[in-house]
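First comes the structure, then the notes that go with it.
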Amino acid sequence: MKCTVCRGPAVIDLRRHNANFCGDHFLKFCRDQVAKAIIQHDMIAAGHRVLVAVSGGKDSLALWDLLVELGYEAHGRYIGLGIGGYSKASTAASVAFAESRGLPLRLIDLRGEYGYDIPTAAAVTRRVPCSSCGMSKRHLIDSAARDGGFDVVATGHNLDDEAAVLLGNVLHWHTGYLGRQAPVLPERDGFPRKVKPLVRLSERETAAYCVIRGIDYIVDECPMAEGNRHLRYKEALNTIEATSPGTKHAFYFEFLDKAADRFRPEAAVAQDSLRPCTVCGSPTSAEVCAFCRLVDRVSDVEPVPVELLRAGRGRGQSTRKVSR
């Protein structure tokens, strides 16, 4: 297998592009794809300060590295979710990457700063862990961007992620979500500008990028994501992609070109009802935002070990801490 560009030995084949690349030309391909996404969707302007939501996984670390390679001022923000050994490994990977490149990284620990963790929140609220996790991360990243004076928040959502979310929203006709699914969410009503520069790269491509660049990332999936519908949608799309390369790209980008605008009005109506949270000031449709309600509900609950929750014995536990 030879590189399509230089005819040297190739390290990866990309069937949807009908191309093979050596290491150097694959890295260039990734940089070009990210630069194209940024320009095409007007994501980041020259001089913008970028806050990268870092998880320790391949996508967020590849994104951070690519933005720096492209000349952007990019800072990292990592949120410790308290998910046992998984969170410890994620923290270590994030810190090691930042230190190896001399990049600024701020760590936030849910348990230390807000008195709860994701396993405990899932147990108390009796909802899937991804619900409390996603909401907590969005709130804290948004707050960090506003308080830190960042112009834009960049997240590591890749093509596989966006196609899977789109499939789920179409299957269930979540029209409000369809109206907000885009590579860029403009700044509005207290929400920072959010961008997804990896939308032109697949999960396999970001993993290969990290391997070639020597980026150590956490390989394991979050142990609390087992059974997540998003993962099943990814598997379904991977099956189709295997026999029809380019399906995911066509599905997502044809939606953006031909159908996304049809759902924007409904999403805009929901945004019109936002007002500042009476506790923290973040935009919300209720008097008190979901994050502040969650903190009030779970911040004085004894921690629930992730192993107990996964065994099915922790859900619904609500033991309060005892003062000594």
Side-chain angles (χ1 to χ4, degrees), residues 27 30-39 41-81 87 89-110 113 133-162 165 182-187 191-203 205-210 212-218 222:
L27 295 179
C30 291
R31 290 192 295 269
D32 289 347
Q33 291 297 307
V34 171
K36 183 174 182 178
I38 290 172
I39 294 171
H41 300 284
D42 192 23
M43 293 184 178
I44 309 170
H48 272 178
R49 298 178 68 240
V50 184
L51 183 65
V52 181
V54 178
S55 69
K58 60 187 178 304
D59 300 312
S60 64
L61 296 183
L63 170 62
W64 198 1
D65 190 68
L66 281 159
L67 290 176
V68 172
E69 284 286 295
L70 290 172
Y72 294 103
E73 180 188 351
H75 296 228
R77 188 62 51 107
Y78 173 85
I79 299 170
L81 304 171
S87 285
S90 299
T91 303
S94 301
V95 171
F97 175 84
E99 290 181 346
S100 70
R101 286 160 169 75
L103 297 174
L105 174 67
R106 163 78 193 282
L107 306 177
I108 300 175
D109 180 66
L110 279 181
E113 298 190 36
C133 182
M135 182 272 293
S136 298
K137 289 191 292 187
R138 286 190 298 272
H139 177 90
L140 292 174
I141 291 294
D142 288 354
S143 298
R146 291 195 304 268
D147 297 342
F150 290 93
D151 300 289
V152 60
V153 170
T155 60
H157 295 90
N158 57 45
L159 175 61
D160 295 41
D161 294 322
E162 292 302 291
V165 170
V184 176
L185 293 177
E187 179 181 4
F191 287 111
R193 181 178 182 81
K194 295 180 182 177
V195 301
K196 302 171 184 177
L198 297 184
V199 290
R200 298 186 63 86
L201 293 177
S202 71
E203 195 167 274
E205 289 157 6
T206 59
Y209 179 88
C210 286
I212 295 172
R213 285 283 290 168
I215 299 172
D216 289 327
Y217 61 89
I218 182 168
C222 174

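Side-chain atoms are counted along with the backbone in the values below, which use heavy atoms only and exclude waters and symmetry mates.
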Could you tell me if the side chain of Glu205 sits less than 4.5 Å from the side chain of Leu198, heavy atoms only? no

Run Tyr217 and Asp59 through side chain to side chain contact (heavy atoms under 4.5 Å, CB included) and show every step you take. CA-CA 9 Å; Tyr217 61 89; Asp59 300 312; over 6 Å; no

Can you tell me how far the CG atom of Asn158 sits from the CG atom of Asp161, to the nearest 0.5 Å? 4.0 Å

Closest contact, heavy atoms only, Gly56 versus Ser60: N-OG, 3.6 Å

Grab the two heavy atoms, one from Leu67 and one from Pro197, that are nearest each other, plus how far apart they are. CD2-CG, 4.5 Å

In Å, rounded to the nearest 0.5 Å, how long is the span from CD of Glu162 to CG of Asp160? 10.5 Å

Heavy-atom pair of closest approach, residues Met43 and Ala37: CE-O, 3.7 Å

Any non-hydrogen side-chain atom of Val68 less than 4.5 Å from a side-chain atom of Arg101? no

In Å and rounded to the nearest 0.5 Å, what is the CZ to CG distance from Arg146 to Leu51? 12.0 Å

Please enumerate all residues that pass side-chain contact (heavy atoms from CB on, under 4.5 Å) together with Ile218, with sequence neighbours excluded. Tyr86, Ala89, Ser90

Taking CG in Asp216 as the centre, count heavy atoms belonging to other residues, nucleotides or ligands within less than 6.0 Å. Is the count above 12? no

If you apply the rule side chain to side chain contact (heavy atoms under 4.5 Å, CB included), what do you find for Tyr209 with Leu201, and how did you get there? CA-CA 10 Å; Tyr209 179 88; Leu201 293 177; over 6 Å; no

Minimum heavy-atom distance between Lys58 and Glu203, given as atom pair plus value: CE-CG, 3.1 Å

Residue pair Arg77 / Leu140, side-chain heavy-atom distance below 4.5 Å: no

Taking the side chain as C-beta and beyond, is there a heavy-atom pair between Ile44 and Leu70 under 4.5 Å? no

With side chains defined as the heavy atoms from C-beta onward, is the minimum distance between Val184 and Arg193 less than 4.5 Å? yes

CG of Leu61 to SG of Cys210: how many Å apart, nearest 0.5 Å? 6.0 Å

To the nearest 0.5 Å, atom CG of Leu81 lies from atom OG of Ser87 at 5.0 Å

May I have the step-by-step check of side chain to side chain contact (heavy atoms under 4.5 Å, CB included) for His41 and Val195, ending in yes or no? CA-CA 9 Å; His41 300 284; Val195 301; over 6 Å; no

Identify the two heavy atoms, one from Trp64 and one from His75, that lie closest to each other, and give their separation to 0.1 Å. CZ2-C, 3.9 Å

Spacing of NZ belonging to Lys137 relative to CG belonging to Asp142, to within rounding of 0.5 Å: 13.0 Å

Least distance between heavy atoms, Lys196 atom then Thr155 atom: CG-OG1, 3.6 Å

The side-chain contact (heavy atoms from CB on, under 4.5 Å) partner of Tyr78 among Val95, Val52, Leu105, Ile108 is Leu105

Apply side chain to side chain contact (heavy atoms under 4.5 Å, CB included) to Ile79 and Ile141, showing your working. CA-CA 9 Å; Ile79 299 170; Ile141 291 294; 4.0 Å; yes

